[in-house]
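All values below come from the heavy atoms of this structure, side chains included, with hydrogens, waters and symmetry mates left out.
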Amino acid sequence: MERHIPLLVLAPPDRLPTGFDGLRAAADAGQAPPDAPTHALPDRREAAYDAYFRVARSGHPPALLLAAALRETLRAVRAGLPEAAHEPVFDEVLAVAGLTGPSDPAPDLAPVPGPTALRPGLTAPLPVAADGLARWLHGHRLFFALIQATTVGVAQAVHAAEPAAADRGAGEAAVCLRASTAALRLASGFPASDYEALVRPSMAPPHQPLAGFSGLWSADHRALIDQLRAWGRTPRACEGSAAGRALRAALEEAYAAHVGVCRRFVGAGPSLLGGAPDAAATLAELGTVRRRLLN
């Protein structure tokens, strides 16, 4: 697998802010404190998932990390994949997060002394590379930043004291979730033969320490599902507001896209996780279960 990809530095998902105001403030943030150690995810599968996609977790302020990750992963994907310019929903996310100002590099933060020093965003310039494996890796890293942004929006909806604030959070989450679907399209925009020959083997032993590699290992996915479950239990979600319906539609679109990618790359075969013989059908069933969280 490609080893020259720079680290993407993200916050542990359970430390994300509960609204976009923090991201908007972080866009203009100054120097961060130097005592920001790396953060090891305790779950071995989540840690292995991060390692595959070259994601590191840091103790820097979470809003600052996410603001930098959104800017830097989008800049990297747009530099390497010209078709990303035809996805206007990415600019909608930048507007939602308050990052529509000049696309300057992330603030020059004081790193942690020693070999574990991490800076927000990407730790090195991203080379332009659009082969199948590079697309898979870089597109997913943009996807992760957008999933974190979606989680922030849903958390805002969950914790809002007023219906208008809850609707704003749900609507902003819907924008970010639609953008994550666009990122998935970019990540998977290569021939199925490349997936079979390059990508799938890179996610299995002996290239990976654990068998059964799966998107279900994603710590950021876990955190998003937790917030969606909490939102589905709120009175505002049960009232069926327009913003809530938009979020549900975005979730349906996301799972439909995942099923489509799985069907194109795996056909009617099993996933690396194993279990059911038809991975795409299983994923479709999972999507149905997830949508019920918002009923």
Please table the atom pairs, donor to acceptor, closer than 3.5 Å between any side-chain atom in residues 76-83 and protein atoms at least two apart or in another chain.
from	atom 1	to	atom 2	distance (Å)
R78	NH1	D91	OD1	3.3
R78	NH2	D91	OD1	3.2
R78	NH2	D91	OD2	3.2
E83	OE2	R135	NH1	3.1
E83	OE2	R135	NH2	2.2

Can you measure from CZ (F20) to CZ (R168) and round to the nearest 0.5 angstrom? 11.0 Å
Can you measure from CH2 (W136) to CG (L184) and round to the nearest 0.5 angstrom? 7.0 Å
Can you tell me how far apart CG (D226) and CG (D14) are? Round to the nearest 0.5 Å. 10.0 Å
Taken to the nearest 0.5 Å, the spacing of R291 CZ from T288 OG1 works out to 4.0 Å
Taking the side chain from H207 and the backbone from M203, do they hold a donor-acceptor pair closer than 3.5 Å? no
I need the minimum non-hydrogen distance between V93 and C176, along with the two atoms involved. CG2-CA, 3.9 Å
Please give me the minimum heavy-atom distance between A281 and R263, naming the atom from each residue. N-NH2, 3.8 Å
Check whether any side-chain heavy atom of L228 sits under 4.5 Å from a side-chain heavy atom of L247, and report yes or no. yes
Of all heavy-atom pairs between C262 and A280, which one has the smallest distance, and what is that distance? SG-N, 3.6 Å
Of all residues at least two apart in sequence or in a different chain, which pass the side chain to side chain contact (heavy atoms under 4.5 Å, CB included) check with R236? P163, A166, D167, W231, T234, E239, S241
Which atom pair, heavy atoms only, marks the closest approach of L137 to I5? CB-CD1, 3.9 Å
Do the non-hydrogen side-chain atoms of S58 and L65 ever get within less than 4.5 Å of each other? yes
Between P62 and L16, which heavy-atom pair has the shortest distance, and what is it? CB-CA, 4.2 Å
May I have the step-by-step check of side chain to side chain contact (heavy atoms under 4.5 Å, CB included) for S202 and L133, ending in yes or no? CA-CA 9 Å; S202 75; L133 185 55; 3.8 Å; yes
Would you tabulate the side-chain donor-acceptor contacts of residues 209-220 under 3.5 Å, counting partners in other chains and residues two or more places apart, or write 'none'?
from	atom 1	to	atom 2	distance (Å)
S214	OG	L216	N	3.0
S218	OG	D220	N	3.3
S218	OG	H221	N	3.1
D220	OD1	R57	NH1	3.1
D220	OD1	Q148	NE2	2.9
D220	OD2	R57	NH2	2.9

R44: partners by salt bridge (charged side-chain N to carboxylate O under 4.0 Å, His left out), with sequence neighbours left out: none
Rounded to the nearest 0.5 Å, the OG1 atom of T282 sits from the CG atom of L273 at a distance of 9.5 Å
Using a 4.5 Å cut-off on heavy atoms from C-beta on, say whether the side chain of Q156 contacts that of T18. no
Atom CG in D194, atom CZ in R200: separation rounded to 0.5 Å? 15.0 Å
So, does E196 use its side chain to make a donor-acceptor pair with the main chain of F265 at under 3.5 Å? no
Between A84 and L186, what is the shortest heavy-atom contact and its length? CB-CD1, 3.7 Å
Partner set under salt bridge (charged side-chain N to carboxylate O under 4.0 Å, His left out) for E92, not counting sequence neighbours: R178
Scan the side chains in residues 249-259 for donor-acceptor partners under 3.5 Å anywhere in the protein, sequence neighbours excluded, and list what turns up.
from	atom 1	to	atom 2	distance (Å)
E252	OE2	R248	NH1	2.4
Y255	OH	R290	NE	3.4
H258	ND1	A254	O	2.8

Side chain to side chain contact (heavy atoms under 4.5 Å, CB included) for V266 and Y195? Distances and angles first, verdict last. CA-CA 9 Å; V266 182; Y195 180 84; 4.2 Å; yes
May I have the step-by-step check of side chain to side chain contact (heavy atoms under 4.5 Å, CB included) for L177 and V154, ending in yes or no? CA-CA 10 Å; L177 190 55; V154 179; over 6 Å; no
For the pair L70 and L74, evaluate side chain to side chain contact (heavy atoms under 4.5 Å, CB included) and give the outcome as yes or no after the intermediate values. CA-CA 6 Å; L70 286 168; L74 182 54; over 6 Å; no
Is the ring centre of F53 less than 6.0 Å from the ring centre of F143? no
So if you build clusters from Ile, Leu, Val, Met, Phe, Trp, Tyr with side-chain heavy-atom gaps below 4.5 Å, do I225 and L41 land together? no
